[in-house]
Protein chains: 2
Amino acid sequence: MAAHPTDRLGFLLSFRGELTGARIRAALGVVGLHPRNAMTLMQLAPGAMSQRELAAVMEIDPSQLVAILNELEDAGLAGRRRDPADRRRHIVEITPAGVEALERVDAAVGAAERELFGDLTEAEQVLLRGLLDRVVVDPADHECG
Amino acid sequence: MAAHPTDRLGFLLSFRGELTGARIRAALGVVGLHPRNAMTLMQLAPGAMSQRELAAVMEIDPSQLVAILNELEDAGLAGRRRDPADRRRHIVEITPAGVEALERVDAAVGAAERELFGDLTEAEQVLLRGLLDRVVVDPADHECG
DNA sequence: TATTGTTATACTCTATAACTATA
DNA sequence: TATAGTTATAGAGTATAACAATA
């Protein structure tokens with residue numbers, strides 16, 4: 001007992017995840033975009049959707065999405081238009097300039113991943129993915145005291 | 001190209017790490033302590049040290065440590081005393097009550113880890129630890145834009 | 001003059017609730 | 001009355017700089 005943080009697998013995963021996240025966010029920012037704005041662009045790439053859907057997918061509050069989309073719109077990387085079927089809704093879509101920016105972001109993230117996982121063989125990366133997928137993370141019923 | 005976030009190993013590690021961290025923090029809070037206060041107690045368990053050393057070990061600013069130690073001291077879980085050799089220094093040490101609290105925290109973190117990694121065999125947990133240790137996370141020279 | 005711990009300040013993030021316009 | 005988006009406000013967290021005591 002009395003295990004030091006660094007001896008525990010939970011802390012190791014948490015800390016490595018944190019640092020990996022920081023490295024990925026640095027890559028996301030390559031175009032001069034705030035990391036969360038780049039993430040939003042990624043979510044929009046497959047196709048347009050309403051703000052509410054987008055907020056649900058990204059698991060953020062709709063009110064936070066407003067500022068993100070304002071910035072993306074000001075930068076000409078995404079656009080909002082009213083849904084004719086329900087004029088309360090905004091349909092959000094990525095612009096051609098947004099697609100271009102996203103390509104550069106994708107390349108930077110790919111490079112970051114090659115750096116992060118470069119010491120692992122392809123097989124080991126598959127193994128790591130498989131193990132991570134089996135870590136039980138159900139955020140429910142564990143509020144932080 | 002144009003890989004969706006969830007397809008990328010970097011995002012997977014980052015997100016799992018995030019959720020694992022949340023679960024661990026919930027466990028750290030079991031005694032009613034703020035997670036970072038419990039972390040501080042963990043660092044103090046092996047032996048006393050100065051505030052500056054403690055801040056260095058925990059990689060936080062010394063000014064942030066002040067509030068943490070105030071709370072731990074108010075709760076009777078840690079104590080500060082002047083270093084006779086250099087009266088500028090505070091020597092920080094865990095109290096018997098702090099050790100007791102830490103035992104309960106340790107038990108809760110252990111339980112959280114059994115939950116998180118319960119689907120993995122011992123061998124797989126060792127494997128996961130080995131793979132995580134080989135992820136290259138050198139935070140230097142990658143500022144977030 | 002440099003160092004230890006402390007205080008004060010400002011900035012970012014996030015969470016919440018009110019507000020508008022449409023339905 | 002309920003829903004989509006927006007705005008405003010407050011709280012936590014963090015980073016920085018100024019400060020007092022000691023070396």
Side-chain angles (χ1 to χ4, degrees), chain A residues 14-15 18-19 21-22 24-26 28-29 32-40 43-44 48-74 78-93 139-140 143-145, chain B residues 14-15 18-19 21-22 24-26 28-29 32-40 43-44 48-74 78-93 139-140 143-145:
Chain A
S14 172
F15 294 160
E18 179 97 12
L19 290 172
I24 294 284
R25 281 191 295 277
L28 288 174
L33 236 45
H34 194 296
R36 74 180 161 217
N37 295 12
M39 283 294 296
T40 306
Q43 297 290 352
L44 286 175
M49 59 184 123
S50 79
Q51 269 185 235
R52 185 149 288 268
E53 283 176 277
L54 185 53
V57 168
M58 297 183 67
E59 293 178 310
I60 62 175
D61 196 274
S63 66
Q64 292 174 27
L65 191 51
V66 176
I68 296 174
L69 291 179
N70 288 344
E71 289 169 25
L72 288 176
E73 211 162 25
D74 288 349
R80 281 185 271 218
R81 57 186 165 81
R82 288 281 170 197
D83 181 346
D86 181 345
R87 291 188 42 72
R88 289 174 304 181
R89 280 194 171 80
H90 275 160
I91 295 173
V92 188
E93 58 193 350
E143 268 76 60
C144 191
Chain B
S14 172
F15 293 161
E18 178 97 13
L19 290 172
I24 294 284
R25 280 191 296 277
L28 287 174
L33 236 44
H34 194 294
R36 74 181 160 217
N37 296 11
M39 283 295 295
T40 306
Q43 298 290 354
L44 287 175
M49 60 185 123
S50 79
Q51 268 183 235
R52 185 150 289 267
E53 284 177 276
L54 185 53
V57 168
M58 297 183 66
E59 293 179 310
I60 63 175
D61 195 273
S63 67
Q64 292 174 29
L65 190 52
V66 176
I68 296 173
L69 291 179
N70 288 345
E71 289 168 26
L72 287 177
E73 212 162 25
D74 288 350
R80 280 185 272 219
R81 57 186 165 82
R82 289 279 168 200
D83 182 346
D86 181 345
R87 291 188 44 72
R88 290 174 302 183
R89 281 194 171 79
H90 274 159
I91 295 174
V92 188
E93 58 192 349
E143 267 77 61
C144 192

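Just so we're on the same page: letters track the sequence lines, and every chain starts at 1. Every value quoted in this text rests on a predicted model; they were computed, and no experiment measured them.
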- Heavy-atom donor-acceptor pair, A:Glu73 side chain to A:Arg80 backbone, under 3.5 Å: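 Flag set: sc A:Glu73 to bb A:Arg80 pair under 3.5 Å.
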Without decimals, in angstroms, what is the distance between [X] [atom1] and [N] [atom2]?
| X | N | atom1 | atom2 | answer |
| --- | --- | --- | --- | --- |
| B:Met49 | C:dT4 | CE | C1' | 16 Å |
| B:Met39 | D:dG13 | CE | P | 15 Å |
| B:Arg81 | C:dT4 | CZ | C1' | 16 Å |
| B:Glu59 | D:dA15 | CD | C1' | 16 Å |
| B:Glu71 | C:dT6 | CD | P | 13 Å |
| A:Glu53 | D:dG5 | CD | C1' | 14 Å |
| B:Leu65 | D:dA15 | CG | P | 14 Å |
| A:Asp86 | C:dA21 | CG | C1' | 11 Å |

Looking at the side chain of [X], which of [options] is the nearest nucleotide?
| X | options | answer |
| --- | --- | --- |
| B:Arg88 | C:dT3, D:dT3, C:dG5 | C:dT3 |
| B:Arg36 | D:dG13, D:dG5, D:dT16 | D:dG13 |
| A:Pro62 | C:dA23, D:dT6, D:dA15 | D:dT6 |
| B:Gln51 | D:dG5, C:dA23, C:dG5 | C:dG5 |
| A:Ser63 | C:dT6, D:dG5, D:dT7 | D:dT7 |
| B:Arg52 | C:dG5, D:dT14, D:dT7 | C:dG5 |
| B:Arg80 | C:dT6, C:dC13, C:dT4 | C:dT6 |
| B:Gln64 | D:dA15, C:dT6, D:dG5 | D:dA15 |

- Message: Taking side chain to side chain contact (heavy atoms under 4.5 Å, CB included) as the criterion, tell me which of B:Arg89, B:Arg88, B:His90 meets it with B:Asp83.
- Response: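 So, applying the side chain to side chain contact (heavy atoms under 4.5 Å, CB included) to B:Asp83 and each of B:Arg89, B:Arg88, B:His90, only B:Arg89 qualifies.
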- Answer with base, sugar-phosphate or nothing: what part of the nucleic acid does A:Asp61 contact at a heavy-atom distance below 4.0 Å?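 A:Asp61: base contact, heavy atoms under 4.0 Å.
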- Message: Assuming nearest nucleotide by heavy-atom distance, tell me which of A:Asn70 and A:Arg89 is located more 5' along DNA chain D.
- Response: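 Closest to the 5' end, via its nearest nucleotide, is A:Arg89.
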- Quick one: are B:Gln51 and B:Pro62 in side-chain contact, heavy atoms under 4.5 Å?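 In short, these two side chains do not touch, never coming nearer than 4.5 Å.
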- Query: Could you give the distance from CG (A:Leu54) to CG (A:Leu65), rounded to the nearest 0.5 Å?
  - Reply: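 That separation rounds to 4.5 Å.
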- From A:Arg25 atom CZ to A:His34 atom NE2, the distance as rounded to the nearest 0.5 Å: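 Going from CZ on A:Arg25 over to NE2 on A:His34, the span is 9.5 Å.
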- Message: With a cut-off of less than 4.0 Å, is there a side-chain N or O of B:His34 near OP1 or OP2 of D:dG13?
- Response: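 Answer yes for this pair, as a side-chain N or O of B:His34 is under 4.0 Å from OP1 or OP2.
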